[in-house]
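We use all heavy atoms of the structure for the numbers below, so side chains are in, but hydrogens, waters and symmetry mates are not. From a predicted model like this one, the values you see are computed outputs, not experimental measurements.
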Amino acid sequence: LDSAARRRNLKGALRLKGDVHLDHERFLVVDDILTTGTTARELSALLREGGCRWTGVLTVARVSVHIE
């Protein structure tokens, strides 16, 4: 999928369960392969909405081919 299709595919697919408060928490998002960065971006945004103050991303591999 291209970047726009990946964003549409993930929109609304992730959510925090229950009454979660992440105030002052730090999270490291681990993704096996970073392609467009959509998964990491969406998950980081969700964690920030829950009050998380910092997110980082760690990946094992990154796709270097530009997908259009």
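- Taking CZ from Arg6 and OG1 from Thr36, the interatomic distance works out to 4.5 Å, rounded to the nearest 0.5 Å.
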- Task: Give the C-alpha distance, both sets of side-chain angles, the deciding distance and a yes or no for side chain to side chain contact (heavy atoms under 4.5 Å, CB included) between Phe27 and Leu43.
- Result: CA-CA 10 Å; Phe27 285 86; Leu43 185 51; over 6 Å; no
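- Within the structure, side-chain hydrogen bond (donor to acceptor under 3.5 Å, both in side chains) contacts touching residues 8-23 (residues at least two apart or in different chains) are Asp19-His21.
- For Thr39, the side chain to side chain contact (heavy atoms under 4.5 Å, CB included) partners at least two apart in sequence or on another chain are Leu10, Asp31.
- Residues satisfying the side chain to side chain donor-acceptor pair (under 3.5 Å) test with Arg26, not counting sequence neighbours, are none.
- Hydrophobic clustering of Ile, Leu, Val, Met, Phe, Trp and Tyr side chains at less than 4.5 Å, counting indirect connections, keeps Leu14 apart from Val30.
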For residues 52-61, dump all side-chain donor-acceptor pairs below 3.5 Å to protein atoms at least two apart in sequence or in another chain.
{"residue": "Arg53", "atom": "NE", "partner": "His24", "partner atom": "O", "Å": "3.4"}
{"residue": "Thr55", "atom": "OG1", "partner": "Ser44", "partner atom": "OG", "Å": "3.3"}

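- Under a hydrophobic clustering in which Ile, Leu, Val, Met, Phe, Trp and Tyr are joined whenever their side-chain heavy atoms come within less than 4.5 Å, directly or via other members, Leu34 and Val29 fall into different clusters.
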